[in-house]
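Following: one structure in structure tokens, then a few remarks.
Heavy-atom basis, side chains included; hydrogens, waters and symmetry copies ignored.
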Amino acid sequence: MKITVIGCGNGAFATAADLSARGHEITLYVQEEHSKNFDAIRENKTIKATGVGPVGDIKIYEVTNNIEVAMKDYELIIPVLPSFAHEDVAKKIAPYIKSGDKLFLSPGSTGGALVFAKVFRDCGKLDGVKIAEVHTLPYTARRVGTDGVNISLITDVMYFAAFPAKYNQEMYDLIHPIYPNLKMMTDVLETGLNNGNGTTHPAPVVLNAGKIEYYKKHYHYKEGITPSVGNVIQLIDDERKNICKAFGYEQIDIKDRLYDMGYCPKKDTVYECIQGSTDIFLPLEGPNDLNGRYLVEDAPFTLVCMASVAEVAGVQTPLMKSVVYLASALKNEAYWKKGRTLEKIGLDNMTVEQIKHYLQEGEIK
């Protein structure tokens, strides 16, 4: 297919290299303000790939920071972005979106597809547009130098849904040949509630904040997730499962999800699962300060979103809220205001039943 990949980070490089190596015509688009992140590959249009995915010098069809080039000729758009970039990118591409367009957020994290849908609706561009997402990146990957990427794992399973969910099967049939490891979920709220970053990232950073700031050298999983921190993660995940239950979704425990995705061995506790991930989690260095995405993305954009959705369903999330309040204090930020609120994802002033109708049909009841 002709695919426009949007992004300049680890995931975008991995996606462009992997899909190019498998014969797709990839245009890699990076916004002008981030162009320095891909200057090294703009001239020769080559990504040097290592690891368990494609290996070698992978030629990319087009590398550009010109949005008109990126949005000119495509069959599929794949935004590979952190949560805090979703709204800005959606607004930037909205003028070029037309009825029949298909997007695949890789990942949608928590609420990503809903953010794009709201922006497109506000711009009068949502009609006939189909937006799919998965709950996590297809790869564990890290940029290497200025023109390379190392893929250390290809995710075994990715939870998948479309917005509106009435297009689940159509979008699944489109994406499945590219990523055969998809598991169909009910809708994009279910995929978003299964984004594990909200459980495994912010709380350990908050609980290790002093150590991170003092030593400026930290291994999040190896050092930061001790038995007691693992207990906190499990209890936050229990809150997340209660939200899933309230909406009628499958309640997938964090330990089962990590195992199914290929990240960790099957163990009795979160701590044992993480410490058993000797090839994937334990070697990952960082965050080495409090500005990393584990805190500044996953507290305001993941936990705020989950806790806000929980309130609609009458589910109590005291630990999620505590982590957000502490993260806000650590960063001196108003995360409950600037984070991913119900208004940001277009679900404000709705009941549970109205939300479920909207997710299925794409219409506000």
Side-chain angles (χ1 to χ4, degrees), residues 1-30 37-38 40-64 69-81 89 93 101-108 112-113 130-162 167-184 191 260-263 279-280:
M1 286 196 293
K2 294 180 179 180
I3 300 172
T4 291
V5 173
I6 303 176
C8 60
N10 303 319
F13 265 49
T15 302
D18 179 37
L19 299 187
S20 292
R22 291 196 273 137
H24 298 284
E25 185 178 292
I26 302 300
T27 294
L28 178 59
Y29 166 67
V30 178
N37 289 310
F38 79 132
I41 68 167
R42 184 159 39 184
E43 293 300 322
N44 58 16
K45 299 177 183 176
T46 299
I47 294 176
K48 297 177 180 178
T50 58
V52 299
V55 174
D57 291 350
I58 310 299
K59 197 74 174 176
I60 311 301
Y61 174 76
E62 181 64 85
V63 180
T64 183
V69 172
M71 300 297 291
K72 183 178 180 180
D73 186 19
Y74 53 83
E75 298 167 75
L76 179 66
I77 302 169
I78 304 183
V80 188
L81 304 162
V89 169
I93 68 173
D101 276 355
K102 299 176 177 66
L103 289 82
F104 171 55
L105 274 66
S106 178
K130 299 160 188 177
I131 309 170
E133 70 172 25
V134 281
H135 79 296
T136 189
L137 269 171
Y139 324 90
T140 297
R142 289 292 183 269
R143 290 271 302 268
V144 178
T146 57
D147 61 352
V149 65
N150 176 265
I151 300 174
S152 59
L153 176 137
I154 296 176
T155 306
D156 285 346
V157 62
M158 298 189 297
Y159 303 142
F160 173 92
Y167 297 126
N168 272 356
Q169 192 61 53
E170 178 184 344
M171 291 300 289
Y172 179 91
D173 291 343
L174 177 71
I175 306 299
H176 185 259
I178 305 175
Y179 292 115
N181 51 347
L182 302 179
K183 178 181 177 180
M184 184 88 82
T191 59
D260 291 343
M261 290 168 63
Y263 288 160
D279 295 331
I280 306 302

Exercise for the section: Can you spot which of I58, I3, L76 makes a side-chain contact (heavy atoms from CB on, under 4.5 Å) with L19? Expected result: I3
Compare all side-chain heavy atoms of [X] with those of [Y] and state whether any distance is below 4.5 angstrom.
X	Y	value
I151	L153	no
Y159	V134	no
L81	I6	yes
I78	L105	no
T46	I60	no
P79	S106	no
L174	Y167	no
M158	K183	no

Counting only N and O atoms by type, is there a donor-acceptor contact under 3.5 Å from the side chain of [X] to the main-chain atoms of [Y]?
X	Y	answer
T155	L137	yes
N10	R143	yes
R22	I178	yes
N168	A162	yes
K59	N44	yes
T15	F13	no
E133	A113	yes
T4	A70	yes

Contact summary for [X] and [Y], nearest pair of heavy atoms:
X	Y	value
G53	I154	CA-CD1, 4.2 Å
E75	M1	OE2-CA, 3.4 Å
D147	A40	CB-CB, 4.2 Å
A49	A17	CB-CB, 4.5 Å
A14	V149	N-CG2, 4.0 Å

Exercise for the section: Go through the steps for M171 and H176 under the test side chain to side chain contact (heavy atoms under 4.5 Å, CB included), then give the verdict. Expected result: CA-CA 8 Å; M171 291 300 289; H176 185 259; over 6 Å; no
Practice task
Classify the ring geometry between F104 and Y179 as parallel (under 30°), tilted (30 to 60°) or perpendicular (over 60°).
Solution key: tilted
Exercise for the section: Test the R42-Y29 pair against the cation-pi criterion, namely NZ or CZ under 6.0 angstrom from the six-membered ring centroid and within 45° of the ring axis. Expected result: no
Exercise for the section: Measure from NZ or CZ of K2 to the centre of the six-membered ring of Y74 and say whether it is under 6.0 Å with the direction within 45° of the ring axis. Expected result: no
Exercise for the section: Could you give me the CA-CA distance, side-chain angles and deciding distance for N181 and D156, then say whether side chain to side chain contact (heavy atoms under 4.5 Å, CB included) is met? Expected result: CA-CA 6 Å; N181 51 347; D156 285 346; 6.0 Å; no
Practice task
List the steps, then state whether side chain to side chain contact (heavy atoms under 4.5 Å, CB included) holds for V63 with V30.
Solution key: CA-CA 8 Å; V63 180; V30 178; 6.0 Å; no
Exercise for the section: Enter the distance from I77:CD1 to I131:CD1 here, rounded to the nearest 0.5 Å. Expected result: 9.5 Å
Exercise for the section: Please check if atom NZ in K102 has more than 12 non-hydrogen atoms from other residues, nucleotides or ligands closer than 6.0 Å. Expected result: yes
Practice task
For E62 and L28, run side chain to side chain contact (heavy atoms under 4.5 Å, CB included): C-alpha distance rounded to whole Å, both residues' side-chain angles, the deciding distance at 0.1 Å, then the answer.
Solution key: CA-CA 6 Å; E62 181 64 85; L28 178 59; over 6 Å; no
Handout entry: Donor-acceptor side-chain pairing of T50 and N150 below 3.5 angstrom
Key = yes
